[in-house]
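We use all heavy atoms of the structure for the numbers below, so side chains are in, but hydrogens, waters and symmetry mates are not.
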Amino acid sequence: EGLVDSGGSVAVTVMEEVLLSRLKKEIKSSTRVFSSSSLGHVLFTSGSTGRPKGVMVEHGSLVSFTNSLIFQHAFCRHDRFMYSVSFTFDPSVMLVWCALATGAQAVVAKPGGELDIDYIELLSMSQGVTYVNLAPSVIQTYLQSRALVNCRMAWAGGEACTPQLAQQILSQYPWVQ
């Protein structure tokens, strides 16, 4: 609709203008009132069934959860969150919303990059990553590098974290929570 393929960025710009124009019209014609009970985010989980299902999170719950994490962990604009998960995966709530709410940065790893230790070490060191949320098996590989040297917090989830791994993290990086 009104787009010409120019083989370059012009088509993208035109597409953005078309979409923005449509969005502005929808906002102007909308009488919908948003509240804390409005949909804020959808997470996908397989839970105990192994079948993916969407979990609708209300805006008020998202705000409350985000604020509690910011307060509990003293997240601030100086933090750098390593972002290496899908937007619909539950750790993304903390990684995205805490960064946005505090003015911190989300350091976006390339897809699958969290499994490339050399890439992660370079990214983490160059960007000053202060927070990671990863599977314990991935954190285990990070301990063989300097990828966590700037971290002040590392969360392990998605699988069991052994007491030995927790102790290894604390002995190698005593400042990491």
Any [X] side-chain heavy atom under 4.5 Å of [Y] side chain:
X	Y	value
Tyr119	Lys110	yes
Tyr83	Val107	no
Val55	Val42	no
Ser124	Val149	no
Tyr173	Gln168	no
Thr141	Ile120	no

* To do: Check the pair Leu39 / His59 against side chain to side chain contact (heavy atoms under 4.5 Å, CB included), numbers first and verdict last.
  => CA-CA 6 Å; Leu39 179 64; His59 180 75; over 6 Å; no

In this structure, would [X] and [Y] fall into the same cluster of hydrophobic residues linked by side-chain contacts under 4.5 Å?
X	Y	value
Leu143	Met125	yes
Leu115	Val129	yes
Leu69	Val176	no
Val96	Leu123	no

Which atom pair, heavy atoms only, marks the closest approach of [X] to [Y]?
X	Y	value
Ser145	Ile117	OG-CD1, 3.5 Å
Ala166	Cys161	N-SG, 4.3 Å
Val138	Glu114	CG1-O, 3.8 Å
Gly157	Pro136	O-CD, 3.5 Å
Ser84	Leu134	OG-CD2, 3.8 Å
Ala101	Ile70	CB-CD1, 3.6 Å

* To do: Take Val93 and Val57 through the side chain to side chain contact (heavy atoms under 4.5 Å, CB included) test and state the conclusion after the steps.
  => CA-CA 10 Å; Val93 173; Val57 180; over 6 Å; no

* Structure fact -> Hits for salt bridge (charged side-chain N to carboxylate O under 4.0 Å, His left out) against Glu121, two or more places apart or cross-chain, chain-then-number order -> Arg146

* Applying salt bridge (charged side-chain N to carboxylate O under 4.0 Å, His left out), name anything that partners Arg80, two or more places apart in sequence or on another chain. =>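 Listed in chain order: nothing, the list is empty.
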
* **Short side-chain to backbone donor-acceptor contact, Ser171 and Gln167, under 3.5 Å** =>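 Checked: pair present.
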
If you round to the nearest 0.5 Å, how far is [atom2] of [Y] from [atom1] of [X]?
X	Y	atom1	atom2	answer
Gln177	Leu170	CD	CG	10.5 Å
Met56	Ser61	CE	OG	12.0 Å
Leu100	Gln105	CG	CD	11.5 Å
Ile169	Ile139	CD1	CD1	5.0 Å

* Met153: which of Phe81, Trp175, Tyr131 passes side chain to side chain contact (heavy atoms under 4.5 Å, CB included) -> Tyr131

* To do: Quick one: do Asn150 and Thr130 satisfy side-chain hydrogen bond (donor to acceptor under 3.5 Å, both in side chains)? Show the steps, please.
  => CA-CA 5 Å; Asn150 294 315; Thr130 60; over 6 Å; no

* **Counterpart residues, ring pair (Phe, Tyr, Trp, His ring centres under 6.0 Å), relative to His73 (two or more places apart)** =>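 Ring pair (Phe, Tyr, Trp, His ring centres under 6.0 Å) list for His73, sorted by chain: Phe75, Trp155.
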
* To do: Apply side-chain hydrogen bond (donor to acceptor under 3.5 Å, both in side chains) to the pair Ser36 and Glu58, showing each step before the final yes or no.
  => CA-CA 7 Å; Ser36 62; Glu58 293 180 347; over 6 Å; no

* CA sep, side-chain torsions, deciding dist, call: Thr102, Asp79, side chain to side chain contact (heavy atoms under 4.5 Å, CB included) -> CA-CA 9 Å; Thr102 60; Asp79 280 310; 5.8 Å; no

